[in-house]
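Quick notes on the structure that follows.
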Amino acid sequence: MKFMSNNWAKIEEKWRNEWEKAHIFEADPDPTRKKFFVTFPYPYMNGPLHIGHGFTATRVDIYARFMRMKGFNTLFPWAWHWTGEPIVGAALRVQKGDPELVKALKEIDGVPEDELRRFVDPVYMANYYTREGKEAVRRIGFSVDWRREFHTTSLEPTYSRFIEWQYERLREKGYVTKGTHPVVWCPNCESPTGDHDRLEGEGVSPEEYTLLKFQYGDAYLPAATFRPETIFGVTNMFINPEAVYIEAKVNGEKWIISKEAAPKLSEQLKRVEVQREFKGAELIGKSFTDPVSRRTLPILPGWFVSPESATGVVYSVPAHAPADWIALKDLVKKPDELRKYGIDPSVVENIKPISLIRVEEYGEFPAVEIVEQLGVKDQFDPRVDEATSIIYRKEFHTGVLKPITGKYAGKRVQEVKAELIEDFKKLNIADSMYDLPEKVVCRCATTCIVKILSDQWFLRYSDPEWKKVAHEAVDSASVFPEEARTYFHDKLDWLHDWACARRTGLGTPLPWSSGWIIETLSDSTVYMAFYTIVKHIRLHGIKPEQLTNAVFDFVFYGKGDGEILAKSSGIPVTVLNGMKEEFEYWYPVDMRVSAKELVPNHLSFFIFQHTALFPKKHWPRGIGVNGMLSIEGQKMSKSKGNFLTLRNSLNRFGADVTRLTLVLGAEGMDDPDWREENAKGIDARLMALQRFVGDLVKLHGGVEAKTVDRWLLSTVQRRVKTVTDALEVMKTRTAAEVAFFELWNDIRWYMRRTEAPNIKVLREVTEIWVRLIAPFTPFLSEELWHFLGKENFVSLAEWPVYDNTKIDKAAEESEELVKSLMEDTVSITKATKITPKRICFYVAAEWKWKAYIEALKKAQAGKIEMKDVMKDLLKNPEIQRKAKDLAAFLSKIIVEINMAAEDLKKRKLEIGVLDEKTVIEEAKRFLQKELNAEISVYNEEDPQKYDPKNRASQSKPYRPAIYVE
RNA sequence: GCAGAGGUAGCCAAGCUAGGUCAAAGGCGCAGGCUUCAGGAGCCUGUCGCGAAGGCGUUCGUGGGUUCAAAUCCCACCCUCUGCACCA
């Protein structure tokens, strides 16, 4: 299974030890240097770190290393998230001996048997994974300052204190409120059932129905609907004659609902006393009164009515509800059934739809039309749902209410819905209840219901004022990639209040209300501030009780008097000031990077809470987002068995290979795909690179500076620029690709081109190269750096600075000339199938260059025509003699120039006349070797030239004529 | 359903925000050659088609349009992926 090549393990261990010995990643405030603070969202410790963590965190580390090399005092801290339910849940499952989990722990996480036994203790489990995780983080070479490591929850009391401070301040500022909230609830577990705790019903969430209270004697028939506006078109009621209904006191009123509805309502803050149970048939044929227009209408049998859904009571609006219309039609066909319930069939036959919504493309009764259009057979036809959804959407978005709806007439359904519900509730003709549109089953096999949690604590992310400030924070930060900015704005708008406390799991208790624990996504929003002070807490053994709110206010807000605080807290004033200065030095966070799945929650909360708790100068400065990693094209999951832990990958491929493979996978919001083949390829590459650089160092060669040398130096500078610019905006893939492959290819070409490479040039280039790859593959780079005889760490070496003066456009063009000459010659030999013995190149005559450059100059202003160029050129007597050839030449050149891009023209003009003859002469031996033929170079006007086929006259600037024989 | 991202040659994947230097970077795979005792090593060449002179033709999800010129801009359509909450 192990794949790692030769010596990676040794190299990696060596440099890791060296780094740790020298403490080079421990960063302390240094007012003389600019700081840079990067963070990675601490990972949740219910399992080992996996390659997905590795992807994001590698990007963070690359950025940290890049900024460090650029001279910033860079801090990259690390911590562990223990808050939440799953660790506790997993421990419980271990205790129960859940075979699936035990298998995964053993086989995927690689937990040894004797450790596994102790996993019944969630804290042990969290500790275990934290230990393992730290080892992986060290091994992959993240440049972390470990003095600031911590984990969350009350098991880290000083952190808990910080969280308490945070929540008390949030509450004071009015960002925390109390309210009620519907959740999917498991009556057995007595807790909310999140998506991943379900056997069935993934993605199903509570939906709110409006209950319209129709009068039935001294009781109410609360009919459930999403479309209360349709009450104006009610014609009858449907009750399932086969289902069991009950009569109950609900908050003191007498309600008739399905048997199943009663327990649901009692979980939704309603007092329900069941008084009597009976078959739905009992109601059929009776009548009820509609509370709006006081009409008396019949109750009809509706077998399609599900007692499982909401109240099991349905009112009928045949004009706008296809299901109702089709149900009525069905009844008309069953007069005998009707008679059985004592209903005169004529009653049903006489029911006429009542239209209340006007909608484009439909007439008075949209439901009737759609039923015909789709050819719906009966109430059990699956197309009923389709018809319903078409009409519902159409009417909701474009429907306008008719005069029959009274005060709502003329308005769009969409606009008045909320208002109408409100009004109806005030008039006590409506109520509401939640229900699940589909069945949800908890992992414990119990069917879930909706429960309304009362006394729930919320963070008021719906607050428009708060949102506004959060938007501002997003706008004031750098966002990489830039496209993610809109994504943030969208999500900030979309977020509503967030229940920030739970009853179970690990965490920090809510300071002001016992029995609540601050929920996991809510205790991880501004903890980066804690990184700045935890070092002091450890160093001076500060106790949690010493960390009073006043102490935090002093450190984070500069509030209060240090001397007084020192007395009250027992923390020496120097330490207090040290913490304050440290916070003020490092804050704000300069860069936080995560996968895009965290944008709608964690990263948005991170922004929200920073704006709530900190002044503008401490708002986040940079946010990076990246895609989600898949494995061999598949979403990574333990159950699929394609779960790759970081440790596993490190064991098999080593740190550098893992890092580079990950980072070459994708950038921006694209999802990277981990492929083992790629990792193997990278391994081979890095090995080759090690050898290649090794060989370069050993080379002997000339020192004469030729065009190729200038070309290489120039090209390398361009690479420096590309890599640097890409890294600045977190385009880590582009940067790695250029630093490794493109630059390598440049050097390779140079080696091929030169017989005796210029060792001074090579040395310069290699030293740049090793530094460019250092953020990506720090271990190998460190090794190579020392191989080059350097005494310092490449991790701390100065990042190569783009040197404009080394750019040599003429040298670049010259090299292009050599390449294209080769290509063209090969193309000719291929087309003619000649095996060349002799090749002649004829460079363009001086007058052609003059004409070419003149044309370029004229073309600066825009399109050029023959006569414009011609006129001026002919003033020159030398050219005048060539007038005939000039016309032919110009006609070709002008078309090309007119088609060329602006910057190309500019570039060519800047270069001026290129001494093609010298360039080709310099490359002659190379061309001879490559083309395997005798090479001659002539100026086209050279009287001595060998040109049997008269090719020479075809030459153009940058396009020497070629003759092959 | 709502929102976001994306469809590029055998595969992965750049380029497309500033249209021309794009038959389209780079990697992988494949084919051929060289080097090597050997090699999951290295080097070179080719990898849309045609071509007896550096050329031509046809490609960048589909169909239209704008332009002297479009993978790149506009419109319509088809398809794929991701998120949608109290949970890490």
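In what follows, every chain begins at residue 1, and chains take the letters A, B, ... in the order their sequences are listed. Just the heavy atoms: all of them, side chains too, but no hydrogens, waters or symmetry mates, feed the values below.
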Let's test this: given Watson-Crick or G-U wobble pairing with both distances under 3.5 Å, identify the partner of [N].
| N | value |
| --- | --- |
| B/G55 | B/C50 |
| B/A18 | none |
| B/C28 | B/G10 |
| B/G63 | B/C75 |
| B/C2 | B/G83 |
| B/C34 | B/G42 |

Toward the 5' end of RNA chain B, by each residue's nearest nucleotide, A/H602 or A/I962: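 That would be A/I962.
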First of A/T734 and A/S820 reached from the 5' end of RNA chain B, by closest nucleotide: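 Nearest nucleotide further toward 5': that of A/T734.
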With sugar-phosphate meaning primed atoms plus P, OP1 and OP2, does [X] contact a base, only sugar-phosphate, or nothing at under 4.0 Å between heavy atoms?
| X | answer |
| --- | --- |
| A/F458 | nothing |
| A/D670 | sugar-phosphate |
| A/E597 | nothing |

A/R502 NZ/CZ over A/W516 ring centroid, <6.0 Å and within 45° of normal: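 Cation-pi check for A/R502 and A/W516: fails.
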Test item: side-chain donor near acceptor, A/N601 and A/W498, under 3.5 Å: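 Side-chain D/A pair, A/N601 to A/W498: absent.
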Short side-chain N/O contact to B/G29 OP1/OP2 from A/R675, under 4.0 Å: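 No, outside the criterion.
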Presence of A/K680 side-chain N/O under 4.0 Å of B/G29 phosphate oxygens OP1/OP2: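 No.
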Dump every N/O contact between nucleotides 18-22 of chain B and the protein below 3.5 Å, one line per pair.
unit_1: B/G20; atom_1: O2'; unit_2: A/M899; atom_2: O; d: 3.4
unit_1: B/U21; atom_1: O4; unit_2: A/D903; atom_2: OD2; d: 3.2

Nucleotide-resolved protein contact map, nucleotides 42-51 of chain B, B/S/- at heavy-atom distance under 4.0 Å: SSSS-----B
P spacing across the pair B/C60 / B/U72, given as an integer number of angstrom: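 Those two atoms are separated by 9 Å.
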Spacing of the P atoms in B/U66 and B/A71 (rounded, Å):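 Taking atom P in both B/A71 and B/U66, they lie 16 Å apart.
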Residues A/K731, A/D725: salt bridge by 4.0 Å N-O rule: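 No salt bridge links A/K731 with A/D725.
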SB check A/R485 A/E482 (cutoff 4.0 Å):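 Looking at A/E482 together with A/R485, the answer is yes, because their closest N to O distance falls below 4.0 Å.
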Side-chain heavy-atom pair A/F643, A/M636 within 4.5 angstrom cut-off: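 Sidechains of A/M636 and A/F643: in contact.
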Aromatic ring proximity, centroids under 6.0 angstrom, A/Y42 and A/Y527: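 Ring centroids of A/Y527 and A/Y42 are less than 6.0 Å from each other.
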